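Predicted model only: the values in this text are computed from it and were never measured.
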Amino acid sequence: MAMAVMMKWLQRVLGTGILLVLGVASAQAQEFEKNILTGSSTGTYIQFGNDIAGLMAECGQTLNVVESAGSLENFLGVRKRRATQFGIVQSDVLEYLKTYSANDPAIARAVAGVRISFPLYNEEVHLLASRDVASPADLAGKRVAIGVQDSGTFLTASLILDLLGVAPAEVLPIGPNESMEQLLAGQIDGFFYVAGAPTKLFLDPQIDAERFHLVPFDDPLLQSVYVPTEIPSGTYPFQADATPVVAVKAVLMTYEYEPRRNAYHQASCKAVSDVSHLIFTRFSELQQSGHPKWKQVDLSDIPPGWDIAQCANAGITANYSMSCPARAAETVPDSEANSAYRQRICSVIGC
């Protein structure tokens, strides 16, 4: 199922053409337009986007945080949408695309120029279901929601069902909010949602612990394909015990802009460098006051086989200059700790 679904999506992407908008923002605009594609309003992506946009705002810049269906839409958006320099994407989505690109020139063109700005956090695969679903294998013959078609949840859920050889009675391509509504109403038996825990969706007080639970992922096959982890007890009000799950890494995706190509590429490269600079130099602040998942981010944990954007590399160099009046004294720290951390990152990404 997953392979057929992904190929249809790729055909749709390739059929529309992968064109970067080469024009600059409207002459009336006072600031070059910058956008980051995130996810649903209840997910972790959008909160990370808001944290990054907050840093930019303190430096007098606007980074528009845009809701989306998720990873697949975000990948396509960075490749196609006007003034969209960033998208948060699941690493398994990128890996899936790269796998197909090896033997298909058309798909290779679709992923050409895709780069990583920074690795982010591991996203837990949540499966909220009725109590009679004790494992993902128990979804056989059940009604299950797997996320909308342009989301990473859709791909991950499809792959998991394929890997386990599970055939639900009905598979619904609907989003997390509608999935929650249908589960609570007894219209479906469970739904997948790939998001960094804790995610707002599962803080809903209507989730009755006697009726519903997070399904454990302790299958050896899944643990060999994905990252084994757990959602600690009490992460959500209905969750009394720790739940073993699997996870995928979220990454901040961008494009390999060429500053000498034209004004749009030059301005977009500067935006990527600025965001990279702020995440790097104020990382401890993000960990202290941003979404709790920032505490789990390792900026050197680059998914193998993917390159860091040169514009992102430029932003973490010791001599990078960024105008940030609100935090002028703190924008370019040069402590021993930062030097050591920069050296650690550069040993991995080759900056």
Side-chain angles (χ1 to χ4, degrees), residues 6 9-10 12-14 16-21 32-41 43-53 55-56 62-98 101 107 110-123 147-156 175 194-196 248-257 264-265 267-276 278-279 291 293 297 299 302-303 306-312 315:
M6 191 62 178
W9 180 82
L10 285 170
R12 176 161 59 87
V13 171
L14 295 171
T16 59
I18 303 296
L19 298 174
L20 289 173
V21 177
F32 178 72
E33 185 179 350
K34 301 174 286 294
N35 293 280
I36 177 171
L37 283 167
T38 56
S40 71
S41 60
T44 308
Y45 283 4
I46 199 165
Q47 296 178 66
F48 262 62
N50 286 331
D51 290 338
I52 296 169
L55 295 182
M56 291 286 277
T62 302
L63 176 64
N64 301 309
V65 179
V66 183
E67 290 188 34
S68 74
S71 290
L72 294 177
E73 181 180 343
N74 295 352
F75 168 84
L76 179 56
V78 172
R79 296 294 281 113
K80 282 192 63 182
R81 289 192 185 183
R82 174 183 177 277
T84 300
Q85 297 84 7
F86 306 98
I88 303 179
V89 181
Q90 289 173 206
S91 59
D92 63 339
V93 170
L94 292 178
E95 193 59 38
Y96 206 78
L97 289 165
K98 191 170 186 177
S101 73
I107 298 175
V111 300
V114 172
R115 296 292 185 269
I116 303 298
S117 180
F118 275 118
L120 297 177
Y121 54 91
N122 285 337
E123 295 186 274
V148 296
Q149 289 194 6
D150 280 354
S151 69
T153 294
F154 180 82
L155 174 62
T156 300
V194 180
V248 298
K249 183 168 290 295
V251 300
L252 183 61
M253 172 192 157
T254 187
Y255 185 77
E256 189 70 290
Y257 295 105
Y264 175 81
H265 273 250
S268 290
C269 182
K270 180 64 164 60
V272 173
S273 297
D274 285 351
V275 165
S276 175
L278 287 174
I279 290 176
H291 186 279
K293 272 291 181 180
V297 172
L299 297 181
I302 312 298
W306 290 96
D307 294 327
I308 299 295
Q310 291 303 307
C311 299

*S276 side chain to A312 backbone, donor-acceptor under 3.5 Å*: yes
*If you take all heavy atoms of L63 and F86, which pair is closest and at what distance?*
CD1-CD1, 4.1 Å
*Without swapping roles, check the side chain of T153 against the backbone of V194 for a donor-acceptor pair under 3.5 Å.*
yes
*Any donor and acceptor pair, going by atom type alone, linking the side chain of D307 with main-chain N or O of R115 inside 3.5 Å?*
no
_Tell me if a side-chain donor or acceptor on S91 pairs with a main-chain N or O of A250 at a distance below 3.5 Å._
no
*Spell out, as yes or no, whether a donor-acceptor pair under 3.5 Å connects the side chain of E256 to the backbone of Q310.*
yes
*Do R81 and L37 come within less than 4.5 Å of each other through their side chains, counting heavy atoms only?*
yes
_Atom of V297, atom of P119 and distance for their closest heavy-atom approach_ = CG1-O, 3.6 Å
*Specify whether F48 and H291 have parallel, tilted or perpendicular ring planes, treating 30° as the upper limit for parallel and 60° as the lower limit for perpendicular.*
tilted
*asked:* On a heavy-atom basis, which atom in V148 and which in A69 lie closest, and how many Å separate them?
replied: CG2-CB, 3.5 Å
*asked:* If the condition is side chain to side chain donor-acceptor pair (under 3.5 Å), which residues does S117 pass it with, not counting sequence neighbours?
replied: none
*asked:* Using modelled atom types and a 3.5 Å cut-off, is there a donor and acceptor pairing between side-chain atoms of K34 and backbone atoms of V272?
replied: no
*Heavy atoms, side chains only, cut-off 4.5 Å: are L252 and I88 in contact?*
yes
*Check whether any side-chain N or O of S273 sits under 3.5 Å from a backbone N or O of A271 as a donor-acceptor pair, and report yes or no.*
no
*Identify the two heavy atoms, one from M56 and one from V275, that lie closest to each other, and give their separation to 0.1 Å.*
SD-CG2, 3.8 Å
*Search all heavy atoms of N35 against all heavy atoms of V66 and return the closest pair with its distance.*
OD1-CG2, 3.7 Å
*Counting only N and O atoms by type, is there a donor-acceptor contact under 3.5 Å from the side chain of R79 to the main-chain atoms of A112?*
yes
*Do any N or O atoms from the side chain of Q85 and from the backbone of E33 form a donor-acceptor pair under 3.5 angstrom?*
yes
*If every non-hydrogen atom of Y264 is compared with every non-hydrogen atom of A83, which pair is closest and at what distance?*
OH-N, 3.3 Å
